[in-house]
Engineer: 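The structure under discussion is supplied below as structure tokens; questions concerning it will follow.
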Number of protein chains: 2
Amino acid sequence: MATIYEVAARAEVSPATVSRVLNGTNVSEDKVARVKQAISELDFSPNRMARSLRRQHSQIIALIIPDIENPFFTSVARGVEDVAQAAGYSVVLCNSDGELSQEAYYLDLAASDNMAGVIWTPASAASTLGRFHSPDRAVVAIDRRPSGRETDAVLVDNHRAGFAATQSLFNQGYSRVACITGPADVETSVLRSEGWREACRAHPDLQPREDYLRYADFRVDGGRAALSALFALDLAPDAVFVANNLMGVGVLQELTARGITTSHYGVAILGDLPYFSFTATGATVIDLPAREIGGVAARLLLERIAGLTDPPRTEVLHSRVLPAQANVISR
Amino acid sequence: MATIYEVAARAEVSPATVSRVLNGTNVSEDKVARVKQAISELDFSPNRMARSLRRQHSQIIALIIPDIENPFFTSVARGVEDVAQAAGYSVVLCNSDGELSQEAYYLDLAASDNMAGVIWTPASAASTLGRFHSPDRAVVAIDRRPSGRETDAVLVDNHRAGFAATQSLFNQGYSRVACITGPADVETSVLRSEGWREACRAHPDLQPREDYLRYADFRVDGGRAALSALFALDLAPDAVFVANNLMGVGVLQELTARGITTSHYGVAILGDLPYFSFTATGATVIDLPAREIGGVAARLLLERIAGLTDPPRTEVLHSRVLPAQANVISR
DNA sequence: GTTGTAGCTGAAATCGATTTCAGGTAGCGT
DNA sequence: ACGCTACCTGAAATCGATTTCAGCTACAAC
């Protein structure tokens, strides 16, 4: 691959001038023309490693998420990529698997690779930026916030979504509504379950039963096990609010296994599963604007990369309750 | 962030020695100790851009796929990432959207970024590596092959899978089996439909009808439209083999919309949809080992990066027909 | 005692861009 | 004519590692 020196030689200018042409600063017209000519003749494209080394940051954004096989994060990734790519940045995908050690590994990587910025879903409330923490490093949190709140964040209205989901179950006539949420040390989990709790309180003849609240792991099997445990209670609930999409799958699996249909058992799931649309699960789904979340996060990050120094901002996007049947044959 | 020079100064050795410690070559024990001490005191980690510039390739692998929101490719990505990460490489995710221009953009990027290698699903049979083509660049194709066949490839037994899927529909008692496959210029599409054709031929009292073969786009809507068109034929088919998972969703949508169930209409889908397991779609699913494909591709790529110069290799992984009910309540 | 070999070590070159610094030229005002 | 900007330009330093090259030491063999 050609270098800037070969271009310079061919155009009979100095490498500095070539660089200036590349970066659009003041160069006389005839030299610009000669350089462009040489560039195309040599099929030259600048070496990004050399550029990054000199500039002290690369054109790469790290996206750290807990599970790339969860369609929610896939859509987020898509949103991030669309915006990032349009701005000339590439996205490195990093699976933390929800583990602090993996997360720390990737943050370290982002630092030693001088990546332009990081968009991440902190694995837990205990997550920290480690060595990536620095005033001039761009960071945006997605879906949850890290322990120190000093970064930009893009969130959904978790509390309200939990409330609305639970509410809709009451409206459907159920009275003993349980809640299966994520790990207790994840902010998102807690907010969603508090939405549930509040909706229960608002219900006149019912106190929220604490044994109706189950902390699981945001995964299929965890959701399934949690529902199983709920069934073992003396007075089992007759409906359940599930705080993420995968646990929702687990719940539906368990119901199917027990031969129970959603016409007899209320299910509201926070977060959708694309391509499920043709099956009548009968569950109420609260739609999360995943792709938009990614897009907004990327935009905030790019602003930081460009040097914005405003105090941390938080964008809250809204979820949307889909009526129990709307997920049938839509799309 | 500390540099190798600061470490050298603190350990009272030359930068060269620090580098040697970092890379595990001959250094006396006491200096190794001093250097390690200094490294940990300064919390030093080497700047990967500088390293990449000097070494002429980075520790980054590009993964170019047509659709990150397709669970098949998501699983592939997961498989690639697991293997790559264990070897100290990161994965940059690139969505080509099946378009040659996007694909070319990312290949260019991989070249100008001196990425260690590329794993890709060529957008079409017309895809070429462009400027990334070079004897000492590592490349592995996944799922399909590019026009020149000079790279390693990881494929599935497309022809056989198409044959088996079709066969299973005949075995279930259907006799007019149609086929909905992908674009005609994609190798994978063609092989799968040829599997279908052969299975039809093998059936004594039936010639494969060419109007039963539909080329679509591997997407939901395309599958749906294709089935719709099949229904419009004089003698409509009574079963259909669908050549990928998303088109399978489209087909199931269309059937649901028409109030037809899979007990009256045969459906065999090549490629599964994770998390669908709890719904009894009644469709026969041919499982593809997506994650394994990614893992194998990454392994082949790493071998090339390490300098292997054998002639191009092709690994074929096997699909597996799941009986029509096995996808209910599994997992 | 001399020579040879093996193993360490540091100085300096190198990777390919960007950027600073120090001119050089041209045009304009007085 | 002289001085002042304003604008271009190229030489050289720079980013932070790796790697070559040559020198040094220590020890063994003859």
Side-chain angles (χ1 to χ4, degrees), chain A residues 1-36 38-39 42-60 88 108-116 131 136-137, chain B residues 1-36 38-39 42-60 88 108-116 131 136-137:
Chain A
M1 197 108 123
T3 73
I4 204 175
Y5 295 94
E6 300 169 42
V7 173
R10 190 176 193 106
E12 296 179 311
V13 297
S14 76
T17 300
V18 178
S19 172
R20 286 189 265 258
V21 170
L22 253 30
N23 296 288
T25 42
N26 292 333
V27 178
S28 68
E29 271 188 44
D30 62 327
K31 301 213 171 171
V32 170
R34 292 219 305 273
V35 169
K36 286 194 168 163
I39 286 178
L42 293 171
D43 192 23
F44 163 85
S45 92
N47 181 310
R48 292 161 61 104
M49 289 186 313
R51 167 178 290 174
S52 303
L53 175 60
R54 183 59 230 239
R55 289 220 182 127
Q56 297 290 49
H57 74 87
S58 69
Q59 300 271 99
I60 295 181
D108 246 39
L109 189 70
S112 70
D113 224 358
N114 278 316
M115 293 191 185
R131 82 195 313 153
D136 47 42
R137 288 218 139 106
Chain B
M1 198 109 123
T3 73
I4 203 173
Y5 294 94
E6 300 170 44
V7 173
R10 189 178 194 103
E12 296 180 312
V13 297
S14 77
T17 300
V18 177
S19 172
R20 284 189 267 258
V21 170
L22 253 30
N23 296 288
T25 43
N26 292 333
V27 177
S28 68
E29 272 187 43
D30 62 327
K31 301 211 171 171
V32 170
R34 292 219 305 275
V35 169
K36 287 194 167 164
I39 287 178
L42 293 171
D43 191 24
F44 163 85
S45 92
N47 182 310
R48 293 162 61 105
M49 289 186 315
R51 167 178 289 173
S52 302
L53 175 60
R54 182 60 229 234
R55 289 220 181 126
Q56 296 291 48
H57 74 88
S58 69
Q59 300 269 102
I60 294 180
D108 247 39
L109 189 69
S112 70
D113 223 0
N114 279 316
M115 293 192 186
R131 80 194 314 151
D136 48 41
R137 288 216 138 107

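Just so it is clear: chains get the letters A, B, ... in the order the sequence lines come, proteins before strands, and each one is counted from 1. It should be emphasised that the depicted structure is a prediction, and the values quoted were computed from it without experimental measurement.
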Engineer: Hey, is CD on A/Glu12 packed in by over 12 heavy atoms from elsewhere, all under 6.0 Å?
Structural biologist: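 Not more than 12 within 6.0 Å, no.
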Engineer: Would B/Leu22 and B/Ile4 satisfy side-chain contact (heavy atoms from CB on, under 4.5 Å), going step by step from the backbone distance to the final call?
Structural biologist: CA-CA 10 Å; B/Leu22 253 30; B/Ile4 203 173; 4.3 Å; yes
Engineer: Near DNA chain D, which residues from residues 27-35 of chain B have a heavy atom under 4.0 Å away?
Structural biologist: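 Residues of residues 27-35 of chain B under 4.0 Å from DNA chain D: none.
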Engineer: Counting just side-chain N and O atoms, does B/Asn26 come under 4.0 Å of either OP1 or OP2 of C/dG7?
Structural biologist: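 Answer is no, no contact under 4.0 Å.
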Engineer: Considering only heavy atoms from C-beta outward, does the side chain of B/Val18 approach that of B/Pro15 to under 4.5 Å?
Structural biologist: no
Engineer: When you measure from the side chain of B/Asp113 to the backbone N and O of B/Leu109, does any donor-acceptor pair fall under 3.5 Å?
Structural biologist: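 Checked: no pair found.
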Engineer: Evaluate side-chain contact (heavy atoms from CB on, under 4.5 Å) for A/Val13 paired with A/Val21, printing each intermediate quantity in order.
Structural biologist: CA-CA 11 Å; A/Val13 297; A/Val21 170; over 6 Å; no
Engineer: For nucleotides 15-27 of chain D, just jot down a letter per nucleotide in 5' to 3' order: B, S or -, based on protein non-hydrogen atoms under 4.0 Å.
Structural biologist: BBBBBB-------
Engineer: Please round to 10 degrees the angle between the axis of the first five pairs and the axis of the last five pairs in the helix from C/dG1-D/dC30 to C/dT30-D/dA1.
Structural biologist: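 Overall, the helix from C/dG1-D/dC30 to C/dT30-D/dA1 bends by 50° from one end axis to the other.
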Engineer: For the side chain of B/Arg34 and the backbone of B/Ala11, is there at least one donor-acceptor N/O pair under 3.5 Å apart?
Structural biologist: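 It does hold such a pair.
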Engineer: Going through the checks in order, is the side-chain contact (heavy atoms from CB on, under 4.5 Å) test met by A/Arg54 and B/Leu53?
Structural biologist: CA-CA 11 Å; A/Arg54 183 59 230 239; B/Leu53 175 60; over 6 Å; no
Engineer: Supply the atom-to-atom distance B/Arg51 CZ to A/Ser112 OG, rounded to the nearest 0.5 angstrom.
Structural biologist: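 Rounded to the nearest 0.5 Å, the CZ-OG separation comes out at 8.5 Å.
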Engineer: Mind checking whether B/Val32 and B/Lys36 have side chains closer than 4.5 Å, heavy atoms only?
Structural biologist: yes
Engineer: Among A/His57, A/Arg55, A/Arg137, which residue meets the side-chain hydrogen bond (donor to acceptor under 3.5 Å, both in side chains) test with A/Asn114?
Structural biologist: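 The residue from A/His57, A/Arg55, A/Arg137 that satisfies side-chain hydrogen bond (donor to acceptor under 3.5 Å, both in side chains) with A/Asn114 turns out to be A/Arg137.
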